[in-house]
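First the structure, which I've put down as structure tokens, then a few questions once you've had a look.
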Number of protein chains: 2
Amino acid sequence: MQVARNKQRRTERRADLVDAARRAMLEHGSAVRLNQVAEVAGLTSGAVLYHYPDLQELLLEAHRAGMERFYDQRLRAVEGVTDPVRKLVMTITSGLPVDSEDEDVRLLCELGGAAGRNTVYAALLTALYDRQVSMYQVILEIGAAQGVFSLKDPSLTIGRNLVALEDAYGYRMMARHPSIDHAAASRLILDYARLATGHPLPAD
Amino acid sequence: MQVARNKQRRTERRADLVDAARRAMLEHGSAVRLNQVAEVAGLTSGAVLYHYPDLQELLLEAHRAGMERFYDQRLRAVEGVTDPVRKLVMTITSGLPVDSEDEDVRLLCELGGAAGRNTVYAALLTALYDRQVSMYQVILEIGAAQGVFSLKDPSLTIGRNLVALEDAYGYRMMARHPSIDHAAASRLILDYARLATGHPLPAD
DNA sequence: CCGCTCTTTGAATCCGCATTCAGAACGAAA
DNA sequence: TTTCGTTCTGAATGCGGATTCAAAGAGCGG
């Protein structure tokens, strides 16, 4: 079955290119050149075009991959944690870039800038936002049901505000705000979470 | 004194170009072409280069102008209002794009995407953020001094979170989130402001 | 109306990029 | 080793944008 093997190597190669495109966008922004992607991949532009005749499609895949990477990482960071308080705190922490060099978040910021003009990118980001809101809603509702949290607003409202704060502080950190680093941003968001849940949330 | 008149017209012409660049960026993003700027200005690329030999400098000025426009507009929206409650509510409202087509905010979003790679843009955005935070701090402190607000966190914390929420919902609106429009975003931010100020803030 | 300077044009030039493609290189099976 | 399909290269082509510049145009004082 050489046919199956070929098919597999083909998808592997395409995945390599998606990752190269992702890294190239980190360096050159959303308006990255085909040559720049090829250079990162260690290939010529022709080879890239052989696998992805349409560069736009490749960039879209790269953005999608970056989003999934970010989201999966968050899920993995809190998997197995059952205590709602710990889970909420850890989720907030995992939604912020680790530092101003964080690759995944930088890519999302690039995407955010382009989303104003590109409806496909806009749809991707909107979907990611809503998924993250749902993630928070589950945590909040479980905590409320257990009597740990006493929510001062609907879980949808709190979830939306929490994700919004994460996004905004992500941008601030990417822009290297001198006094807002990962710890400071965490504290700011936790201050809101405390008010909204009525729980003194240890900083951990 | 033809010398003085010349100088004035020269600066006027440069201001025209800055505005043309601003509008061109709205259409084509931060990576706008010289030709596109020239077209918006109703000139040829050579004429643009005559006034701004360096395109990067022109784009920087355009971004700076866009920021000032946005900030001045906010200040003007609340000037003359003395009641802290009304002032807070109006400030929150004025910080959000009016709709998903809002030019000033779209430009700021473009800028946000580029700030991850461009330190000058990053500095501009950071300065704008801090100015807006200060704006909120003044309102909050006055309201607290008058006994209208009972702040649940330091004014710096609340101000930072308020501006962060505005920024984030600005991005959401630019990405045309189906259920977050100007009214919904206002409500979400006001929900936080209520918790943080201990005041029932009428929606107005 | 003339002459001066500042401004703008339009053409020429150069450069970099995307795109195409013939053929080289590679790898697997026979 | 030969054959055959897949992958990749490197050169050719063509387009679009940046940049330069001589010359035309426009405004203004004399």
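Here is the naming used below: chain letters follow the sequence lines, and residue numbers restart at 1 for every chain.
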**Contact under 4.0 Å: A:His51 side-chain N or O vs D:dT6 OP1/OP2** =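 Negative; the distance criterion is not met.
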
**Item:** Salt-bridge contact B:Glu68-B:Arg131 (side-chain N to carboxylate O under 4.0 Å)
**Value:**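 A salt bridge links B:Glu68 with B:Arg131.
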
**Request:** Kindly say whether the aromatic ring centers of B:Tyr129 and A:Tyr171 come within a distance under 6.0 Å.
**Result:**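 Distance test on ring centres: not under 6.0 Å, no.
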
**Message:** Would you say A:Tyr50 places a side-chain N or O within less than 4.0 Å of OP1 or OP2 belonging to D:dC8?
**Reply:**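 No, no such contact exists.
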
**Asked** Does a salt bridge link B:Arg74 with B:Glu166, judged by any charged N lying under 4.0 Å from a carboxylate O?
**Response**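 Looking at B:Glu166 together with B:Arg74, the answer is yes, because their closest N to O distance falls below 4.0 Å.
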
**Message:** Below 4.0 angstrom, which residues in residues 12-20 of chain A have at least one non-hydrogen atom near DNA chain C?
**Reply:**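 Nucleic-acid contacts, sorted: none.
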
**Prompt:** Can you tell me how far P of C:dC17 sits from CG of A:Leu55, to the nearest Å?
**Reply:**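 So the two atoms are 13 Å apart, to the nearest Å.
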
**Request:** Would you jot down, in residue-number order, the residues of residues 21-46 of chain A having a non-hydrogen atom under 4.0 Å from DNA chain D?
**Result:**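 Result for residues 21-46 of chain A: A:Leu43, A:Thr44, A:Gly46, sorted by number.
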
Show me, pair by pair, the donor-acceptor contacts under 3.5 angstrom made by side chains of residues 42-54 of chain B, not counting sequence neighbours?
{"unit_1": "B:Asp54", "atom_1": "OD1", "unit_2": "B:Gln56", "atom_2": "N", "d": "3.0"}

**Asked** Hey, are A:Glu79 and A:Arg76 close enough for a salt bridge, meaning a charged N less than 4.0 Å from a carboxylate O?
**Response**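 A salt bridge is absent here (no side-chain N lies under 4.0 Å from a carboxylate O).
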
**Asked** Taking all non-hydrogen atoms of both residues, which atom of B:Asp104 and which atom of B:Gln73 are closest, and how far apart?
**Response**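 Heavy atoms only, the tightest pair is OD2-OE1, 3.4 Å.
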
**Message:** Between P on D:dC8 and CZ on A:Arg9, what's the gap in Å once rounded to a whole number?
**Reply:**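 In whole Å, D:dC8 P lies 9 Å from A:Arg9 CZ.
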
**Asked** Hey, are B:Ser100 and B:Arg172 close enough side-chain-wise for a donor-acceptor pair under 3.5 Å?
**Response**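 Absent: no donor and acceptor within the cut-off.
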
**Prompt:** Can A:Arg117 and B:Glu110 be counted as an ion pair, charged N to O under 4.0 angstrom?
**Reply:**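 Yes, charged N to carboxylate O under 4.0 Å.
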
